[in-house]
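Worksheet: one structure, shown below.
A, B, ... follow the sequence lines: proteins, then strands. Residue 1 opens every chain. Everything numeric in this text was worked out from a predicted model, so none of it was measured.
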Amino acid sequence: MLDIKLLRNNFEEVEKALSGRNEDFDLGRFKALDENRRKLLAEVEELKSRQNAGSKEIPVLKKEGKDTTSLMEEMKQLSDQIKEMSGRVQDAEKELNDYMLTIPNIPHPDVPAGSSDEDNVEIRRFSEPREFDFEPKAHWDIGADLDILDPEMAARTTGARFTFYKGLGAKLERAIGNFFLDVHGNQGYEEIFPPFMVSRDSMTGTGQLPKFEEDAYKVTGDGKEYFLVPTAEVPVTNMYRDTILDGAKLPLKYCAYTACFRAEAGSAGRDTRGLIRQHQFNKVELVKFTKPEESYAELEKLTADAEEVLQILGLPYRVVRICVGDLGFTAALKYDIEVWMPSYGRYVEISSCSNFEAFQSRRANIRYKAAADDKPQFVHTLNGSGVAMGRTTAAILENYQQADGSVVIPEALRPYMGGLEVIKAQGD
RNA sequence: GGAGACGUAUCGAAGUGGUCAUAACGAGCCGCACUCGAAAUGCGGUCGUCCUUUACGGGACGCGUGGGUUCGAAUCCCACCGUCUCCGCCA
């Protein structure tokens, strides 16, 4: 959510800053909604002020033995008026608030211009794509040939865009997750294992709702409604919803493994094979709560921390700065880390690292006090994948494949797999 | 699933229809005094949000959340959320 005062006082600047965004929103309604709310609020508060004065007078008059009948009659009318006006104020506030939730974040000045992912700007690369002296296979074929990935089985039990990991495939995925958590733990991130289902309020707090409800899975039971987490960002960021944090303890750094659930609405026909775009996938997420003045330095560190796992695994990647048209609803600045995927012949997103500034914290009401007697102010929230596990499995299978169909396990993962060095087809 | 208790400021906790919610009382925290210094003691201070104002200030709201009753609700009624205890069940 944007700062309403900023919108009120610098409307033209905000309008200009949002102009490159590839989002559907309407700034035009703002002034009317805002002025309507303030006008109604002033009126009802005036009435309440009179009511409070009258309510104090009644017991005084009674004590003096005076008649209060006419005053009470007057107060009754005032009370009815207040009820009617309060309803109108509530409606106006809800309308304004609902509206504010549909305005995307203001891009940071460093965000490149552009309308699509083709306009993202490459910042740096690590390593070089491997030259194969044989025809490399796609990870879905490797997975089938080694009998470690089985989407057909998942189609039988569940449906499209799910996969069974089997045997060493399951073990590899689990090893990757444990490796990620250990690396990030050593970087100073506290490990969290959060609920995989969250409330509507949490989904609204981090910005998935109300605009992107069609992307989320909803679960009902015992008359309640939950959402399956699309990313650990949601439960971990919302840990401190409606909380005032101690400024001396910032930045707070967390890492969390969760399965992630996404409806992938609008992705029909895209990346239908393999592990790249599933309804359920695993991810380790990094989340930070920082002071505003430190958030961009912390974003650089967070991105570097995410990159480190790929460096250790020896996977070639590049980092791009996301352009305004590709930025997403909630971010002010975003880096994507893209891993080299031989089957795609290009770099594929494996992590997004974003600074949301106060956009989420204002929605979720996450604040801090720099000192005991300071006014609370909104923290900046950041997060980044550290990194997507399924895509890492895919990248390892493809980048570490051998001419004989086997896959070498990166050294850093071997301790997590009982020392195993190579995944070979059964019977080899 | 059954029975019961409870949700008030940073914490503990009082208040059970009115003029004590900037919230009693206690603790914590900050400042000052005393002291060589500390402890102890004393004094003072110590929530948030919104509206309005150049400012000083003024006003509204908040006792888990949302409704209701009433001239007036922390207090009475209803629903929901959460916490705790006991029983049952369960991984």
Please give the nucleotide sitting opposite [N] as a Watson-Crick or G-U wobble pair, both distances under 3.5 Å, or none.
N     : result
B:A55 : none
B:A5  : B:U83
B:G88 : none
B:A21 : none
B:C63 : none
B:A14 : none
B:C32 : B:G42
B:A74 : none

Looking at every strand, decide which applies to [X] at a 4.0 Å heavy-atom threshold: base, sugar-phosphate, or nothing.
X        : answer
A:Met75  : sugar-phosphate
A:Leu41  : sugar-phosphate
A:Glu64  : nothing
A:Glu73  : nothing
A:Lys39  : nothing
A:Arg200 : nothing
A:Arg37  : sugar-phosphate

**Q.** Heavy atoms of other groups near A:Glu411 CD, more than 12 under 6.0 Å
**A.** no

(Q) Quick check: any donor-acceptor pair below 3.5 Å linking the side-chain of A:Lys56 to the base of B:G18? (A)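 When only heavy-atom distances are counted, A:Lys56 does not reach the base of B:G18 through any donor-acceptor pair under 3.5 Å.
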
Q. Is the A:Phe289 ring parallel, tilted or perpendicular to the A:Tyr240 ring (thresholds 30°, 60°)?
A. perpendicular

Q.
Can you tell me how the ring of A:Phe196 sits relative to the ring of A:Tyr257, calling it parallel under 30°, perpendicular over 60° and tilted otherwise?
A. perpendicular

**Q.** Backbone of A:Leu78 reached by a side-chain donor or acceptor of A:Gln51 within 3.5 Å
**A.**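 Flag not set: sc A:Gln51 to bb A:Leu78 has no pair under 3.5 Å.
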
Q. RNA chain B: A:Arg367 or A:Asp34, which has the more 5' nearest nucleotide?
A. A:Arg367

Q: Name the residue closer to the 5' end of RNA chain B, choosing between A:Met72 and A:Gln90 according to the nucleotide with the nearest heavy atom.
A: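 The residue closer to the strand's 5' end, by nearest nucleotide, is A:Gln90.
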
Q. Please walk me through it: do A:Lys283 and A:Thr231 pass side-chain hydrogen bond (donor to acceptor under 3.5 Å, both in side chains)?
A. CA-CA 8 Å; A:Lys283 180 160 61 67; A:Thr231 157; 2.9 Å; yes

(Q) Can you check the distance between B:U19 and B:C30, where both ends of the measurement are the C1' atom (answer in whole Å)? (A) 34 Å

Q: Determine the Euclidean distance between corresponding P atoms of B:A5 and B:C63; express it in Å to zero decimal places.
A: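 Straight-line distance between the two P atoms is 23 Å.
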
Q. Quick one: is B:A60 close enough that its OP1 or OP2 comes under 4.0 Å of any side-chain N or O from A:Asn52?
A.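 Result: yes.
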
Nucleotide nearest [X] (side chain, heavy atoms from C-beta), chosen from [options]:
X       : options             : value
A:Lys76 : B:U49, B:C71, B:C81 : B:C71
A:Lys48 : B:U49, B:C61, B:G59 : B:C61
A:Lys83 : B:U70, B:U52, B:G48 : B:U70
A:Gln51 : B:C51, B:G72, B:G18 : B:G72

Q. Which whole-number value in Å describes the distance from A:Lys62 NZ to B:U70 C1'?
A. 11 Å

